[in-house]
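Here's the structure we're looking at; comments come further down.
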Amino acid sequence: MTPNLYEAIQAERGKYPAGSESAVLPALRLAQAEHGWLSPDVIREVADALDETPAYVKSIASFYDQFHLAPIGEHLVEVCTNVSCAVVGAQQVVEAFENGLGCRAGETSADGKVTLRAVECLGGCGWATIVAVDHHYRTHVEADDVPAIVEELRGT
Amino acid sequence: MAPEIVLKDATTKLTEYEATGGYGALAKARAMTPAEVTEELITSELRGRGGAFFPAGRKWSFVPSKEQLPKPHYLVVNADESEPGSFKDNEILSRVPHRFIEGCLITAHAIDCDKVFVYIRGEYSGPYEILVGALEELKDRPEIRGNVTIVVHRGAGAYICGEETALLESLEGKRGQPRSKPPFPAISGLYASPTVVNNVETITTVPPVIAMGGAEYAKLGVPNTRGTRVVSISGNVVNGGNYEIEAGTSLREIIYDLGGGIAGGRELKAVVPGGSSTVILTKDEIDVGYDFDSLGQLRTAMGSAGIVVLDDRCCIVQLGIRFSEFYEHESCGKCTPCREGTRWLTAILRKLDDGRATQGDLDLLLDVCDRINGKCLCPLGDSDAIIVASYVAKFRDEFQAHIDQGGCPLDGHSSLDHVLAPVQMHAHSPAAHGPEVRA
Amino acid sequence: MSAPELVTVTIDERAVQVPKGTGMVETAAAAGIEIPVFCYEPRLGPPVGACRMCLVEVEGMPKLQAGCTLSAQDGMIVKTARTSSQAAEGQNSTLEFILVNHPLDCPVCDKGGECPLQDLTFRYGPGSTRMTFPKRTFEKPIPISPLIALDRERCILCYRCTRFSERVAEDGQLVAINRGAQSVIATFEDEPYVGHFSGNVTELCPVGALTSTQYRFEARPWEIQNVPTVCGLCPVGCNTTATTREGKVKRILSRNHPEVDEGWLCDKGRFAYAHLDASDRITAPLRKAGPRRFEELSWDDALDQAEQLLRAGGASTVTALSGGESVEEAYALGKLLREGLGANAAVLPEDVPDWGDAFRAPLSALRDARTIAVLCDEPVVERAPIVELWLKAAQRSGATIVYGAPGGSVDALVTDDATTTVEATNVYYLPRTPNGRGVADAWSAAGDGEPLDAEPRLLLISGDEAATDPSVRALARHADAVIGIGMFQESFRGLADLVLPSTSYLERDGTTINLEGRLQRQRRTVLAPVPDLLAWISKLAERFDVSVSPHVSVVFDEISARCFGGITFGEVGERASLPPRAERAGTPPPAKEHVAGAGLRLVAYRPLFSGAAVDRTPELQFQRPAGEVQLAREDANARRIRNGQTVTVSSNGTSVELRARIVRDLAAGTVRVAQHDAGELHAHVEVEA
Ligand SMILES: Cc1cc2nc3c(=O)[nH]c(=O)nc-3n(C[C@H](O)[C@H](O)[C@H](O)COP(=O)(O)O)c2cc1C
Ligand code: SF4
Ligand code: FES
């Protein structure tokens with residue numbers, strides 16, 4: 001673990017009462033930002049930095065959807081397919097991404113660039129379809145908009 | 001239309017906020033005793049905006065004094081907003097972050113606490129950055145901050161963490177699984193200390209309540225539902241978005257006047273009035289006031305004020321599937337009926353959609369709903385059962401048609417046909433070998 | 001304390017009075033009514049209300065309530081499934097949901113016949129399944145350690161096992177991963193569940209999801225016998241039940257003694273019974289036949305040879321005891337040697353101070369202490385594992401625990417090192433051996449002559465632990481001859497001229513005294529492959545005109561008259577009570593001064609997972625601590641050492657590389673390393689990142 005990450009985790013711990021486990025989520029978020037995903041080794045290191053056991057940290061990490069316990073691509077595309085988005089075409093958006101990326105939702109494109117996921121309601125229902133590209137929302141996305149997004153992500 | 005009081009004077013800038021009187025209510029509140037502030041809230045009849053609609057002032061008054069219970073007090077703000085159909089807190093945090101912070105500081109004063117945690121759903125990067133930016137602006141304004149520290153804690157993708165006790169567990173660094181109540185958070189909440197949990201909108205309504213006075217606020221709205229509400233409109237409408245309305249405004253007005261009516265010139269079929277967990281309304285039931293009592297008469301609720309408008313292309317069985325898949329995916333796995341029952345409901349609904357169902361399956365569906373409802377540890381599992389049962393109750397013919405015709409009468413033209421839900425993807429952990437549902 | 005307020009609750013129309021706040025499951029039980037449960041287990045902390053098996057109807061409450069999370073309030077009216085159709089339907093629902101994913105492979109399940117799920121399904125469950133979809137499938141069973149197998153299909157997610165790991169053992173090893181219907185019980189990356197107490201989860205599991213690998217497919221409930229006894233492997237003396245089949249021990253279960261063990265066992269006590277069938281088990285007397293070789297001889301010849309050696313040794317015979325003998329065995333041996341030969345010299349396994357008797361308190365009293373000082377340098381868990389669980393329970397209920405000399409007076413002191421400087425209401429002395437106190441009492445009761453101050457002519461070594469003790473082996477080098485009494489050839493090879501077989505604590509009747517000073521009864525759970533120790537000592541004693549009864553109860557009564565106030569063998573009950581405090585017998589010697597030195601003081605501890613029985617249980621080998629140095633947080637910080645880092649521990653030119661583990665149960669200035677890792681390290685070491 002880099003000293004920076006270790007220190008950043010300790011700083012997070014400082015925000016919560018001593019002896020609490022509250023810094024687990026912030027620590028995992030930081031570690032994932034640095035490594036892209038939470039490999040067993042990363043989990044072990046996070047556990048050591050927090051004085052927790054790796055099993056405990058994995059138990060937490062695996063509860064939450066945003067933590068990746070398997071490698072993902074350079075970019076992450078998350079399409080909301082809950083009802084408000086779905087009734088205005090989210091499924092077509094997913095399929096457009098599947099076609100454009102050549103992989104199915106839940107998978108990473110062959111070039112390792114983009115991981116595509118269908119996700120639950122992202123909290124932008126009135127501006128459907130919501131697509132989170134690297135955690136930032138794009139609103140009113142339609143299937144026709146997808147090729148340009150794919151292009152953009154492939155190019156970087 | 002109502003005066004905007006929560007969303008008015010949108011700005012993320014401290015100077016602009018102060019220029020319109022921002023942080024004035026805080027000064028006013030700090031000149032009052034905590035008990036007086038709480039009293040003002042009780043007078044206002046402000047009720048919680050997170051879903052359960054519990055009176056905010058009363059909740060605060062449950063916090064024992066530090067003499068009675070010598071432990072720190074905490075305010076935890078619920079910004080986990082993940083209920084399908086709701087996105088109001090997203091907009092509140094993005095547009096009026098300082099009013100929200102002012103609400104936190106007033107509430108902290110009222111409950112004698114110096115540590116506030118804002119639990120914001122992990123996906124809300126945008127609102128998170130705005131909120132952190134606004135807090136940053138207060139760095140060198142100790143007279144505003146007082147002795148209060150506000151920590152923004154980011155979730156990581158789990159709807160159940162919106163349930164207040166699951167939220168506390170998650171904030172304590174545990175798996176977000178609900179606690180059994182009692183004890184209630186006001187007595188033993190975060191770190192086993194007295195804790196008030198309030199929704200973002202509830203907290204953001206506090207400054208206007210203090211500014212205008214509780215009695216004045218209570219003049220807005222209708223009995224049992226005072227003031228305004230920020231409603232989220234989505235689905236098959238022309239102008240989806242958030243609108244602040246006066247409580248009691250008719251649902252028809254909300255959909256047609258604010259939402260601009262049904263998109264694409266189609267017919268209205270049904271409305272989910274308060275987020276996915278609320279009982280559905282048919283097109284004939286929308287002449288109803290958007291308030292607690294009126295919706296209650298239709299056995300539904302405002303919930304989290306997520307109004308999902310569904311046009312005539314929506315297959316109600318598929319609606320059941322998609323929402324049931326949501327609850328199945330989001331079930332924390334702690335209690336048996338929720339963990340197993342939501343999964344079972346999805347399976348039966350799929351059978352109906354696939355045209356393989358018999359009459360017995362429809363009875364079984366309702367029976368499984370009955371067996372879940374009222375038996376779960378928290379309302380998540382119950383919600384799935386309640387809404388699915390309501391779909392059958394109100395659209396029985398459509399369910400029957402799925403049996404009689406061997407599948408969906410819309411025959412592939414439903415707006416929810418074959419939507420891919422996360423629960424159908426592989427679980428993100430390679431250790432789990434769940435059932436492969438996806439065809 | 002004032003008497004608790006009594007409240008009246010009506011359950012299924014029966015009124016019952018219980019203290020206010022009593023759990024509803026217990027309240028119903030008081031009324032003779034069973035509320036079925038799966039997840040509820042009060043020893044695991046506050047109820048969680050997860051499984052929903054215990055649903056009841058409560059008057060005035062709109063929804064069914066989880067009985068396990070309710071507590072008795074005055075005037076409450078509760079209806080269980082017996083009288084409420086709503087509650088009955090709730091219970092049926094839960095069972096149906098549980099069975100949705102349960103494989104119902106009872107015929108091949110080790111839990112079959114003693115499974116709460118099976119019983120409840122039989123009583124309340126649906127006759128047939130309405131679930132027509134595929135059940136969740138998992139690879140089955142998977143080992144979560146060499147000791148425990150996990151069958152995830154059978155798991156009903158009651159979270160008892162994970163709560164045990166989290167809230168009782170606090171080892172953070174066994175957890176739930178994933179969410180919702182995907183949730184499974186797991187260790188980290190399928191690594192073994194390493195921990196002193198892992199086996200308890202096999203008993204907690206209400207279905208056959210977690211089973212002991214040793215017991216797998218070994219027996220069905222109707223083929224077994226269960227014998228209540230007491231563990232003989234450490235000074236706690238947990239109450240146990242040995243399950244036997246066809247004369248073999250098949251498993252050890254806990255037998256809750258609420259004052260001693262609360263129903264928990266350590267893995268050594270639970271799993272090390274495999275030593276009974278060790279390949280080097282001594283089943284007949286042995287005589288030295290070469291430097292590293294033995295040959296068997298007949299019992300008659302063995303007793304002849306023993307007699308000769310004893311006569312030659314005479315009063316210059318020295319006896320080295322292990323501390324694992326029963327009170328009666330130690331007494332019988334003592335009487336033979338002291339009365340018969342005047343051989344009064346003994347190397348006792350340890351000094352167990354008498355003043356401990358002045359502080360007699362049950363271990364459970366630790367839980368209620370507000371401040372506890374621990375003066376034992378070695379990890380408590382390695383010495384007396386269950387004490388560690390009581391300390392953790394105390395901490396969870398808010399006690400302050402200090403390691404090292406306390407500032408002021410404390411409620412309880414846990415020590416292996418006598419001290420007068422601390423004022424404590426209760427002192428728990430942690431002996432090193434299972435029955436050190438009992439053996440010392442028995443030896444002194446067996447005779448009253450003074451030891452001859454001479455070189456031993458004959459050394460008699462009782463027990464494998466003494467035989468493998470370096471100081472005893474050093475003594476043996478000066479003796480003309482050595483007689484051993486023990487279970488395993490390896491312990492005595494090259495050491496003893498004659499070895500007489502002994503039995504395990506699982507194969508004998510007798511008593512032991514635990515660290516609280518509690519006299520407890522061990523029972524013969526299986527027949528030993530060798531005669532009882534008392535039987536042949538009795539015969540040998542006859543040759544010296546000493547009368548030793550071959551009957552344990554007679555021997556006990558004889559000692560009891562001298563040491564235990566004359567209670568009879570039969571009175572040492574199934575769940576022995578604690579004798580009253582004794583008059584303070586002498587004052588404890590002053591606290592041991594630690595010689596100050598440069599660097600950190602090294603404590604080389606003896607791990608729980610070591611010793612003759614563990615050595616002979618292959619499944620336990622993974623539990624030996626490997627390559628770890630324990631440090632206090634202050635010392636780690638001062639050296640910029642992070643948890644988990646590899647560090648160098650060095651002293652005077654020797655050094656070892658070990659993994660740093662920052663622990664809370666250690667006073668600053670001290671580090672700990674397991675004996676086998678300590679190598680040549682001296683008493684003071686430096687640790688560097
Ligand atoms: C499954 C579930 C999800 C919930 N999600 C949210 C949420 O995202 N935001 C929220 O404010 N309240 C949510 N709630 C309601 C909270 O439990 C709690 O009632 C609320 O935060 C209290 O705040 P209020 O009184 O200001 O409404 C949820 C409840 C349940 C049962
Ligand atoms: S393994 Fe057993 S004890 Fe553990 S959660 Fe599953 S059923 Fe419960
Ligand atoms: S969702 Fe887990 S108990 Fe209700």
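Here is the naming used below: chain letters follow the sequence lines, and residue numbers restart at 1 for every chain. What you see is a predicted model; the values in this text were computed from it and never measured. The analysis underlying the following values was restricted to heavy atoms, covering all of them including side chains, and did not include hydrogens, waters or symmetry mates.
Side-chain contact check for C/Arg136 versus B/Glu340: some heavy-atom pair is nearer than 4.5 Å.
For the options C/Gly180, C/Cys39, C/Ser183, heavy-atom pairs under 4.5 Å to chain B are most numerous at C/Gly180. Among B/Arg179, B/Lys181, B/Arg175, B/His329, the residue with the largest count of heavy-atom pairs under 4.5 Å with chain C is B/Arg175. Between chain C and the options B/Asp370, B/Asp361, B/Asn373, B/Ile372, the largest number of non-hydrogen pairs under 4.5 Å is found for B/Ile372.
Atom-to-atom distance recorded for B/Asp367:CG and C/Ser93:OG is 8.0 Å, nearest 0.5 angstrom. Once rounded to the nearest 0.5 Å, the distance linking CD of C/Gln182 with CZ of B/Arg339 reads 12.0 Å. Separation of atoms CE (C/Met53) and NZ (B/Lys375) is listed at 13.0 Å; rounding is to 0.5 Å. Here the CZ atom belonging to C/Phe97 is positioned 7.5 Å from the SG atom belonging to B/Cys376, to the nearest 0.5 angstrom.
Contacts of C/Ala181 with chain B are made by both backbone and side-chain atoms, with heavy-atom separations under 4.5 Å. Looking at C/Val100, the atoms closer than 4.5 Å to chain B (heavy atoms on both sides) all sit in the side chain, from C-beta outward. C/Ile98 touches chain B through backbone and side chain together, each having a heavy atom under 4.5 Å away. With a 4.5 angstrom heavy-atom cutoff, C/Ala186 does not touch chain B via any of its atoms.
Taking a 6.0 Å sphere around CZ of C/Arg396, one finds it holds more than 12 heavy atoms contributed by other residues, nucleotides or ligands. At most 12 heavy atoms of other shown residues, nucleotides or ligands fall within 6.0 angstrom of atom NZ in C/Lys20. Heavy atoms of other residues, nucleotides or ligands lying less than 6.0 angstrom from CZ of B/Arg356 number more than 12. Within a 6.0 Å radius of CD in B/Gln359, other residues, nucleotides and ligands contribute more than 12 heavy atoms.
Not a single donor-acceptor pair under 3.5 Å links the side chain of C/Arg179 to the backbone N or O of B/Gly333. Proximity of a side-chain donor or acceptor of B/Thr336 to a complementary backbone N or O of C/Cys51 within less than 3.5 Å is detected.
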Would B/Arg343 and C/Asn101 satisfy side chain to side chain contact (heavy atoms under 4.5 Å, CB included), going step by step from the backbone distance to the final call? CA-CA 11 Å; B/Arg343 192 167 161 270; C/Asn101 272 306; 3.3 Å; yes

